[in-house]
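Chain naming here is simple, since letters A, B, ... match the order of the sequence lines and numbering starts at 1 in each. Treat the numbers as computed from the prediction; the structure is a model and nothing was measured.
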Amino acid sequence: MRTVGRADGWAKVTGRAAYAGDVRLPGMLYAALVRSPHPHARLLRVVKDAAWSVPGVCAVLTGEDVPYGTYGRRVRDMPVLAREVVRFAGERVAAVAAHSLQAAREAARRVEVHYEPLPAVLDPEEALRPDAPRVHEAAWRYPGAVVGPDDPPNLQSRRVWQYGEDVDAVLSRCPYVFDETYTIPAAHQGYLEPHACVAWWKPDGSVEVWASNKSPHRLRAQLAACLGVPADRVRVMPVYVGGDFGGKGSPMDVPVCVALSQATGRPVKLVVDYEEDLTAANPRHSAVVRVRLGVDGEGRMQALDVRAVVDGGAYAAFKPVEHVNLNGFAEAGNTYRIRAVRIESLIAYTNTVPRGHMRSPGSLEANFAVESTVDVAARALRLDPLEFRLRNVLRTGDRGTLGEPWMEVRGEEVARAALAALREGEGAGEESTADGGRWARGVGFAFYCRAAHGGETEVELRPQPDGSVVVRVPFPDQGGGQHTVVRNVVQRELALPAEAVWVQQADTEELGTDSGVGGSRVSLTASAAAAQACAQLRERLRQEGLEGWELRAALAELARRRPGESVRAQVKVDEELWMNSFCVQAARVRVDRDTGEVRVDELVTALDVAGVLNPPSHRAQVEGGVVMGLGSALCEEVVMEDGRVVSGNLHEYRLPSVSTLPRLRVVLVPGGRGWGPYGVKPVGEMTNVAVAAAVANAVADAVGVRVRRLPISAEAVYRAMQEAGR
Amino acid sequence: MSARTVELFVNGRRVQAPVEGAEFLAEFLRERLGLAGTKVGCGIGACGLCTVWMDGQVVSSCLVPAVVAAGRHVWTVEGLTDLAEGRVTDAPPGLPSPQLVQAVQRAFVQCEGLQCGICTPGQVWAVCALLSEEPRPSEERVREFLAGNLCRCTGYQGILRAVRQASEEWAPSEDP
């Protein structure tokens, strides 16, 4: 397929692409929020007088002033502004709107809030004990809750996946059982655009919203449920989203922005500071994951028992899936043949920042724990870790660990490709061997396998009088390149040049169906919908007797004969496709024996691919994922002390920078069987997952110590070396 | 709140607008002047999203108090684009040449030097500033110069490819 650069490229390099925070409307006010400094406290009273004394202030709201219900993506447990009690440090307590941002901030500083601190529960394991302080009095009463009155009081969700024989029975027969526990901290998605929105409650009672949100149709439904109005009264307008990585799928601060607009009768803009986003948005779940892996005398895995205790924070509102858990845990061990598997994930409420999705939610947590344990087992059994993996790797024809009838599994060839690439890189970057033995070198592998899922969307084609086509889609491009994918499909189906195809995001009133960007599903659904719309358009041209015409002339003629006419195609793709993608990553590291400092010299990523709709965007998804994985492996943690996030801003929460990257080698292994008219496989959540385990395994290879907590900092390695007496 | 009026030159035009309290240049450009191409990320000079050109060098506009910019010449991504698209007739000395800006913008689009785009105006400014001074920087120099311009989407590989392509086009290598 021809590649001429991204469809959204020129808008972005010229600064013309509009994001939510860029919207300015006549008479618009600016908002600022007052947040709780306490993890758990009773709200005694709020004094607004000093805030009102700031010139230009138009509204000062507290929970009692907001006539809406609670909100959430599935469980509606989050108040728009706290009422009576605050449940995490950073929770919204009051909101101010004023004529300028400076005035709004000044007024917010002057809101006096009186609290009575309450005992807080900050650890999920403690939270699940019967005598723990309760985060919510009756969490099962919230709409969408998946717990009952007999469950532990702070339970958000419990999910068990199991298949095959009884795990305990098989484990008891295994000559080798490895029992390991790993800790994965909270992390921020790292999108560089903090949450932003503009809301306008119009005089006719309808609401217009511009928001940094990747699922406009779902946002509309969630807002309507919160505001208590029919969904068609809410209109979500198209804007670009400045990075998402799972963190931009919720209403977040939109409801409070709507409340300020309703109270003032004016449009209101609310852009949070990066500090607020880091401390009070929806970071990745932290988890403690215990793994028991049983292996027989031939080095074959027999049983896997995984139990994760996960911190969900103060609200469950940011988890979108029906069971309010993390699907990634279901992948534990799924790269191998194992006859007995049981996985349990318990998510608890605590008085900490509510957790949300981050690129491949649950996957990193499960993968780091299981792939580290697999390495521990290999080393204990004196097997080469890659050889041990290949002996057990799932193959085409095998049922998956949870009984999945996969159409193919390409783990072995992907692993061989990774190994070949790693060997090619041998010796490179090792010029400093005369270092007096300070640096120990090692290599580590990790496997990852992820299922593809369907979804639904709609694409509309509008022929133009100049013979071009405007393509309307209901989803934003949050960076994933989906607008470019749609453009390429339309170009190819209609044999048009790129400049004759213009992709636009429609607002929620114009197109009716979409499950949003996420779950790596949009290339599947959007390419199928675009291809179908093109077939319908060709049929329309035939009906008009234009099939013999040159296509651009035919499109122009159709636009002239039937001004404004368009064709639309909706597709709904099954949730389960029994298609997966396989990724093998290998890290080559150096560890400073004196300080524990870890340097990744090279990171190899081998990935199973099928049809690729836009090779540069596909490559960028792969590379961006690898670097995000390096951040999780080496430096990223949302640090909490006494329940408060203390990673104040990007000088403390360190994202990978261009100056600190290793050599990245990407090997695409073509020939996979994809889905749909273009035979595609998802890519967006494949390459950020196994990096952490690969690096940890390489560190173990280099200095013989196992780091069981992320990130793999110099301190952690140093301490592990001290404990091991190395 | 007490406001005072600040006068400066933005993209070659004299502008006047009120400034309140601790208002910084980034906010002034975006909210007072409506030049929303300049983005704001961390607000503390750690991410590079708000990079603009001021009197000969690129700066983080979130760190420059609006009152400090009084009387100065500031160029944003909108002005940079005007320059590239031939709408600037009297560019002050020190600004990148229009051909360089075109090469950089084109390279970012073609090499997937961007994804979500929120860091892109700042990246484009930083790369234009670098290549304007050093047309053929080493990769190490590029990495060092761009260390303060974070990107979460691309893993930087597309940005590095874009810089190489733009550099090659702007200052072709003499080597065979």
Value for CG (Leu192(A)) from SG (Cys151(B)), rounded to nearest 0.5 Å, stands at 7.0 Å
Most contact-rich option vs chain B, by heavy-atom pairs under 4.5 angstrom, among Tyr191(A), Tyr240(A), Tyr30(A), is Tyr30(A)
Check your understanding: Under a 4.0 Å N-O cut-off, is there an ion pair linking Arg16(A) with Glu78(B)?
Key -> no
Whether Arg152(B) side chain and Phe245(A) backbone form a donor-acceptor pair below 3.5 Å = no
In terms of heavy-atom pairs under 4.5 Å with chain B, the winner among Ala17(A), Pro194(A), Gly481(A), Ser617(A) is Ser617(A)
Bottom line for Glu623(A): the part with an atom under 4.5 Å from chain B's heavy atoms is both
inquiry  = Tell me if a side-chain donor or acceptor on Arg30(B) pairs with a main-chain N or O of Gly21(A) at a distance below 3.5 Å.
reply    = yes
Heavy atoms of Tyr19(A) and Ile118(B) approach each other most closely as OH-N, 3.5 Å
Chain A shares the most heavy-atom pairs under 4.5 Å, among Arg143(B), Arg106(B), Glu144(B), with Arg143(B)
Exercise. After noting the C-alpha distance and the side-chain angles of Ile159(B) and Val658(A), does the key distance pass the side chain to side chain contact (heavy atoms under 4.5 Å, CB included) rule?
Worked result: CA-CA 9 Å; Ile159(B) 294 173; Val658(A) 70; over 6 Å; no
Max heavy-atom pairs within cutoff under 4.5 Å with chain B, candidates Lys269(A), Met28(A), Arg105(A), goes to Lys269(A)
The interface call for Gln123(B) against chain A, heavy-atom contacts under 4.5 Å, is neither
Cut-off 4.5 Å, heavy atoms of chain B, and the answer for Leu630(A) is neither
Bottom line for Leu160(B): the part with an atom under 4.5 Å from chain A's heavy atoms is side chain
- Message: Is it the case that the side chain of Gln115(B) and the backbone of Ala620(A) share a donor-acceptor pair, with hydrogens and angles ignored and the cut-off at 3.5 Å?
- Response: yes
* To do: Determine yes or no for a side-chain-to-main-chain donor-acceptor pair under 3.5 angstrom, with Thr120(B) supplying the side chain and Lys12(A) the backbone.
  => no
> Is there a donor-acceptor pair closer than 3.5 Å between any side-chain N or O of Tyr156(B) and the backbone N or O of Pro656(A)?
Replying inline: yes
CG (Asp477(A)) and SG (Cys116(B)) are apart, to the nearest 0.5 Å, by 9.5 Å
Okay, Val241(A) and chain B: the region with an atom under 4.5 Å from a heavy atom over there is backbone
Output for pair (Asp277(A) CG, Cys42(B) SG), nearest 0.5 Å, gives 12.5 Å
> Are Gln157(B) and Leu661(A) side-chain neighbours, meaning at least one heavy-atom pair lies under 4.5 Å?
Replying inline: yes
- Test side-chain hydrogen bond (donor to acceptor under 3.5 Å, both in side chains) applied to Glu20(B) and Ser100(A), step by step: CA-CA 8 Å; Glu20(B) 275 181 73; Ser100(A) 74; 2.9 Å; yes
When the 4.5 angstrom heavy-atom criterion is applied to Val104(B) and chain A, the contacting part is neither
Answer key: most heavy-atom pairs under 4.5 Å with chain A among Gln110(B), Arg32(B), Glu27(B) is Glu27(B)
Bottom line for Glu140(B): the part with an atom under 4.5 Å from chain A's heavy atoms is neither
Of all heavy-atom pairs linking Pro121(B) and Gly15(A), the shortest is CG-CA, 4.4 Å
Heavy atoms of Leu114(B) and Gly9(A) approach each other most closely as CD2-O, 4.0 Å
Can you check side chain to side chain contact (heavy atoms under 4.5 Å, CB included) on Thr14(A) and Val77(B), steps first, answer last? CA-CA 6 Å; Thr14(A) 55; Val77(B) 68; 5.8 Å; no
task: Could you go through the salt bridge (Lys or Arg N to Asp or Glu O under 4.0 Å) check for Glu112(B) and Arg6(A) one step at a time?
output: CA-CA 7 Å; Glu112(B) 201 88 6; Arg6(A) 291 178 66 103; 2.5 Å; yes
Under 4.5 Å to a heavy atom of chain A? For Cys111(B) that would be neither
Is Gln102(A) close to Val19(B) at the side-chain level, that is, under 4.5 Å between some pair of heavy atoms? no
Under 4.5 Å to a heavy atom of chain B? For Gln621(A) that would be both
Counting heavy-atom pairs under 4.5 Å with chain B, the top scorer among Met628(A), His99(A), Arg619(A) is Arg619(A)
* Asked: Is atom CH2 of Trp502(A) surrounded by more than 12 heavy atoms (other residues, nucleotides or ligands) closer than 6.0 Å?
  -> no
Do Glu193(A) and Val40(B) come close enough that some side-chain heavy atom pair is under 4.5 Å? no
Discussion item. For the CD atom on Glu652(A), are there more than 12 heavy atoms of other groups (residues, nucleotides or ligands in this structure) within a distance under 6.0 Å?
Written reply: yes
Among Val142(B), Leu49(B), Thr76(B), the residue with the most heavy-atom pairs under 4.5 Å to chain A is Leu49(B)
Bottom line for Arg161(B): the part with an atom under 4.5 Å from chain A's heavy atoms is side chain
When the 4.5 angstrom heavy-atom criterion is applied to Arg24(A) and chain B, the contacting part is side chain
If you tally heavy-atom pairs under 4.5 Å between each of Leu80(B), Thr154(B), Val124(B) and chain A, the highest tally belongs to Thr154(B)
All heavy atoms of Leu650(A) vs all of Ile44(B), minimum pair found to be N-CD1, 4.5 Å
Looking only at Gly37(B), Ala46(B), Gly45(B), Gly41(B), most heavy-atom pairs under 4.5 Å shared with chain A are made by Gly41(B)
